[in-house]
Protein chains: 2
Amino acid sequence: MVETRPYHHGDLRSALLTAALEVLEEGGVAALSLRGTAARAGVSHAAPKHHFGNRKGLVTAIATIGYSRFAATMAEECARSAQNPLGQVRAINRGYVKFALQNKAIFRLMFSRDHYDQDNLELAQAACRAFTLLEETSRSVARALGVVEADAWRDIANLIWTTVHGYAHLLIDGRLVNRETGEPEPIPDIGRLLFEGFSGTGRKAG
Amino acid sequence: MVETRPYHHGDLRSALLTAALEVLEEGGVAALSLRGTAARAGVSHAAPKHHFGNRKGLVTAIATIGYSRFAATMAEECARSAQNPLGQVRAINRGYVKFALQNKAIFRLMFSRDHYDQDNLELAQAACRAFTLLEETSRSVARALGVVEADAWRDIANLIWTTVHGYAHLLIDGRLVNRETGEPEPIPDIGRLLFEGFSGTGRKAG
DNA sequence: GACAAATTTTTACGCCGTAAAGATTGCCAT
DNA sequence: ATGGCAATCTTTACGGCGTAAAAATTTGTC
């Protein structure tokens with residue numbers, strides 16, 4: 001008897017997604033093709049069309065998965081860290097960078113407009129969950145700093161987001177490496193900067 | 001008599017580059033193809049091969065142009081601004097964001113590893129010129145702040161670069177827009193934060 | 001069992017990157 | 001001036017990709 005798989009796969013959509021995630025991490029966004037993922041999943045090259053419509057649909061689904069995992073990574077760090085504003089800011093930073101480092105291709109994809117459909121509902125919800133974590137931490141920081149302006153937390157959120165995102169983005173592009181040591185530069189401690197100002201640098205005196 | 005252009009173009013390389021820049025700004029990195037730029041320049045589809053080798057070579061040349069203009073934009077802002085550390089930090093920030101906003105596609109391209117050859121000599125030189133501006137400003141900030149550690153300027157440079165890059169990247173991806181007003185959020189004033197701490201937010205009290 | 005809907009395959013077209021060979025021109029030594 | 005070499009551009013060719021339409025197969029429903 002020949003082991004012949006049925007005409008209908010049963011769960012082709014998720015099979016295509018896991019195949020696509022593999023392709024993505026191996027070859028980057030450029031390698032993420034409908035035909036390639038179909039081939040890896042062992043189906044015909046036009047099979048993905050029914051589930052994702054076109055390439056952008058596939059990429060959108062991948063980005064949605066990315067945002068979910070992104071939020072989960074940051075939430076984990078927050079849960080296991082000190083439950084005070086400084087601890088939470090640092091946790092957000094760690095989670096943000098950790099996800100970017102461990103999922104370079106998908107992280108780049110998530111922050112490349114035009115690659116996917118930003119108006120997609122599921123995607124927008126997943127992204128919102130991720131950024132809500134950052135917003136709430138910023139609100140607690142604002143309270144702890146005692147600033148009185150009603151939406152000062154926005155400035156704090158922008159500062160934190162901007163810094164950690166710039167760091168993550170530059171880091172995974174191989175920019176922030178010390179030319180002498182070859183080590184990556186540490187992430188600016190925006191939490192301490194907010195709470196203590198730029199008093200010490202943390203470096204050993206030369 | 002028929003107006004027939006010569007077999008040898010004379011300056012095809014630069015003609016291809018200007019065509020490629022047009023294609024890039026119109027359709028983003030994805031639209032930047034060898035055949036497309038060749039068609040726009042009015043030559044055969046294989047003509048670019050001799051000048052750039054392959055697609056990556058073309059993208060590398062484009063990125064090199066980008067870094068040159070990037071450095072020029074920041075240098076202009078520095079020249080026309082207050083010649084003190086705070087003024088120069090703000091000038092770098094303005095130039096960085098201005099270039100990103102006015103050259104979204106090429107900015108994204110410049111900061112997408114894998115799209116081009118980062119080991120290319122001319123490109124590395126152009127990029128170095130750009131980032132040297134940022135480094136020197138950071139050194140002057142370190143002196144002005146009176147920090148004693150020998151390489152504390154690195155932390156300052158990382159903070160400035162990280163912040164402005166994150167801001168520019170998020171901004172051109174349409175992230176930093178206030179949901180109520182629709183206006184883009186202002187860039188965090190990292191200069192003031194360094195020199196004055198997070199005392200005021202700059203927002204009106206609510 | 002008949003019929004409609006969902007799912008997958010087959011076929012087809014045009015664009016793209018790349019390689020190799022051919023055509024045309026510029027250059028340089030003689 | 002001229003023969004030949006190197007540079008530059010075109011033609012031809014191949015496979016991969018996205019997309020669309022039609023055909024094939026299975027599932028569900030009455």
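In this text the structure is predicted, and so the values were computed from the model without any measurement. Throughout, a chain's letter reflects where its sequence line sits, starting with A, and its residues are numbered from 1.
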Verdict with supporting geometry, Glu183(A) and Arg154(B), salt bridge (Lys or Arg N to Asp or Glu O under 4.0 Å): CA-CA 13 Å; Glu183(A) 292 288 306; Arg154(B) 276 198 194 282; over 6 Å; no
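- Among dG18(D), dT10(C), dT18(C), the nucleotide with an atom closest to any side-chain atom of Asn54(B) is dT18(C).
- Taking only side-chain atoms of His50(A), from C-beta outward, the nucleotide of dT8(C), dG17(C), dA21(D) with the closest atom is dT8(C).
- Using cut-offs of 30° and 60° on the angle between ring planes, the pair Phe70(B) and Tyr96(B) is perpendicular.
- Of the side-chain N and O atoms in Lys49(B), none sit less than 4.0 angstrom from OP1 or OP2 of dC9(D).
- Between Arg13(B) and Gly36(A), the residue whose closest nucleotide on DNA chain D is further toward the 5' end is Arg13(B).
- Rounded to whole angstrom, the span from the CZ atom of Arg35(B) across to the P atom of dA19(C) amounts to 13 Å.
- In this entry the distance linking NE2 of His51(B) with P of dT8(D) reads 6 Å, nearest Å.
- The distance from atom NZ of Lys56(A) to atom P of dA20(D) is 14 Å, rounded to the nearest whole Å.
- At a threshold of 4.5 Å between non-hydrogen side-chain atoms, the residues Val89(A) and Ile156(A) do not count as touching.
- What separates CG of Leu12(B) from C1' of dT24(C) is a distance of 15 Å, to the nearest Å.
- At the heavy-atom level, Arg55(A) lies under 4.0 Å from the strands shown only through sugar-phosphate atoms.
- Atom CD of Glu122(B) sits in a sparse spot, with 12 or fewer heavy atoms from other residues, nucleotides or ligands closer than 6.0 Å.
- Ring-plane geometry between His165(A) and His169(B) is classed as parallel, the angle between the planes falling under 30 degrees on a 0 to 90 degree scale with a further cut at 60.
- In this model, the phosphate group of dT11(D) is not approached by any side-chain N or O of Ser44(B) to a distance below 4.0 Å at OP1 or OP2.
- The side chain of Leu34(A) lies closest to dT19(D) when the candidates are dG17(C), dT19(D), dT11(D).
- When each of dC16(C), dA13(D), dT10(D) is scored by its nearest atom to the side-chain atoms of His45(B), the top-ranked nucleotide is dA13(D).
- Rounding to whole angstrom units, CG of residue Leu58(B) and P of dC16(C) are separated by 13 Å.
- Out of dT10(D), dC16(C), dT10(C), the shortest distance to the side chain of Ala46(B) is found at dT10(D).
- Distance, Phe52(B) CZ to dT18(C) C1': 16 Å, rounded to whole Å.
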